[in-house]
Trainee: 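Just dropping this structure here.
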Amino acid sequence: MNLSSFARMRPGGWRESLLHHVVGSLEADPSGAAIAMWKGADEPWRFRIRPASLRFAYCLATGRRRAWCAGRAPVDTGRLWVTIQAPRAGVWSLAPYAAVTDVHGVNSYPVAIGDPDPELGEPGSWTNVLALATPRRAVWTTLQVCWTWSYDAVGNVQLPTREQQRFMIYDAIVNGARALAFYGAQNPKCWGPLDPAGGWNWTYWERVLGPLVREIGARSPLAPALKNPGTTRELPTSDRSVRAISRRGRSGELWVIAVRRRGEGAAAVTIAGLPPSATRADVFAEDRTVAASGGALTDTFERWSVHVYRLTAATARSS
């Protein structure tokens, strides 16, 4: 829920009493249990909003940093506060904002109409910047469906393809995203002919986004590993354009996520650092397997390729 209009309030002002009213009304609604986070200042570094001016609202809305509450009782202590930054600045500029939020996020939308070769690695790069600027590593990445540069005045539309969206999803995860959101499906400029009846871009959902969300959703076999970031290990690769990490899932499963950012054409890439006992890896969502030996596997990567491997307990027993 967006509370950005309250983010810079001061003790005793009219916004303070209004915040109590708004939060109380939302929590009293029958659907209030679905609220997970309050959204604070929108892109504060970009708009030169100082972190100190955000302290009171953060404390009042969450109860964190009670010294900043000016003696007031907090409005809510059960939900998180999220602050989304624009894809600008650097680690040292953004780091001070980590003190006034529970979750630090960024939005980056590289796919634009008329651009035949978008830099799909931008969302992941900015995710990495936010991860370095946020000691708790609580990083939220917003990826695109539709934004200002997705359409033109004569009705042409360019949305991320399945391959582009899949790369951006997993590249963000590799770079430290703990949560993902997708922006713009509510924009009618990007709707198909059947979407006005549903008031949302269900065409894009059915063709692209829905299957990808199910890949990483709560019911996915990958979900336990995604929710276990403390087991993340960076794995060495034979090609600097490929980055790979591993995580542990349920029942001893080892998952490996590998993405390739640069390069032209196909390249055979070796990923090392696997358990020496591993003999094969199932390639998630691709219906194939690759052989493993000596603690490594080799697979083919195109530019913007993603491969997700699952090594079960029988094939990935720790040495």
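Throughout, numbering of the chain's residues begins at 1 and tracks the sequence.
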Trainee: Is Leu226 linked to Leu254 within one hydrophobic cluster, defined over Ile, Leu, Val, Met, Phe, Trp and Tyr using a side-chain heavy-atom separation of less than 4.5 Å?
Mentor: no

Trainee: When you measure from the side chain of Arg15 to the backbone of Ser5, do you find a donor-acceptor pair of N or O atoms at a distance under 3.5 Å?
Mentor: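 Here the side-chain-to-backbone pair exists.
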
Trainee: When you measure from the side chain of Arg65 to the backbone N and O of Tyr58, does any donor-acceptor pair fall under 3.5 Å?
Mentor: no

Trainee: Under 6.0 Å between ring centres, would you say that holds for Trp255 and Phe284?
Mentor: yes

Trainee: Donor-acceptor pair, distance only, cut-off 3.5 Å: does the side chain of Tyr309 make one with the backbone of Ser246?
Mentor: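 Absent.
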
Trainee: Look at the aromatic rings of Trp147 and Trp149 and report parallel, tilted or perpendicular, splitting at 30° and 60°.
Mentor: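 Taking Trp149 first and then Trp147, their aromatic rings stand perpendicular (interplane angle over 60°).
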
Trainee: CZ of Arg288: more than 12 outside heavy atoms within 6.0 angstrom?
Mentor: yes

Trainee: Under the 3.5 angstrom rule, does the side chain of Arg166 hit a backbone N or O of Val306 as a donor-acceptor pair?
Mentor: yes

Trainee: Only pairs under 3.5 Å count here: list side-chain donor-acceptor contacts from residues 105-112, not counting sequence neighbours, and write none if there are none.
Mentor:
none

Trainee: If you draw a 6.0 Å radius around CG in Asn156, do more than 12 non-hydrogen atoms from other residues or ligands fall strictly inside?
Mentor: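 Enclosed.
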
Trainee: So, does His307 use its side chain to make a donor-acceptor pair with the main chain of Thr300 at under 3.5 Å?
Mentor: yes

Trainee: Within the distance-only criterion (no hydrogens, no angle test), does the side chain of Asp195 pair as donor or acceptor with the backbone N or O of Thr203 below 3.5 angstrom?
Mentor: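 Indeed, once roles are kept as given, a pair shorter than 3.5 Å links the two residues.
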
Trainee: Keeping the roles fixed (side chain from Arg136, backbone from Ala98), state whether a donor-acceptor pair exists under 3.5 Å.
Mentor: yes

Trainee: Spell out, as yes or no, whether a donor-acceptor pair under 3.5 Å connects the side chain of Asn228 to the backbone of Pro224.
Mentor: no

Trainee: Which heavy atom in Arg248 sits nearest to a heavy atom in Pro275, and how many Å separate them?
Mentor: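 Residues Arg248 and Pro275, closest heavy atoms: NH2-CG, 4.4 Å.
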
Trainee: Can a donor-acceptor pair be found, under 3.5 Å and without considering hydrogens, that links the side chain of Thr161 to the backbone of Gln164?
Mentor: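 Yes; judged by distance alone, with no hydrogens or angles, the pair exists.
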
Trainee: Please tell me whether Phe56 and Val75 are part of a single hydrophobic cluster in this structure, the criterion being side-chain heavy atoms less than 4.5 Å apart.
Mentor: yes

Trainee: Looking only at atom types and distance, does a side-chain atom of Arg72 sit under 3.5 Å from a main-chain N or O of Ala70, one as donor and one as acceptor?
Mentor: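 Such a contact is found between Arg72 side chain and Ala70 backbone.
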
Trainee: Taking all heavy atoms of Asn201 and all of Trp191, pick out the closest pair and write down the distance.
Mentor: N-NE1, 3.5 Å

Trainee: Can you tell which of Thr83, Val103, Leu80, Asn2 makes a side chain to side chain contact (heavy atoms under 4.5 Å, CB included) with Lys39?
Mentor: Asn2

Trainee: Any side-chain donor paired with an acceptor under 3.5 Å for Thr232 and Arg137?
Mentor: no

Trainee: Can you confirm whether Trp81 sits close enough to Leu3 that some side-chain heavy atom of one is under 4.5 Å from a side-chain heavy atom of the other?
Mentor: yes

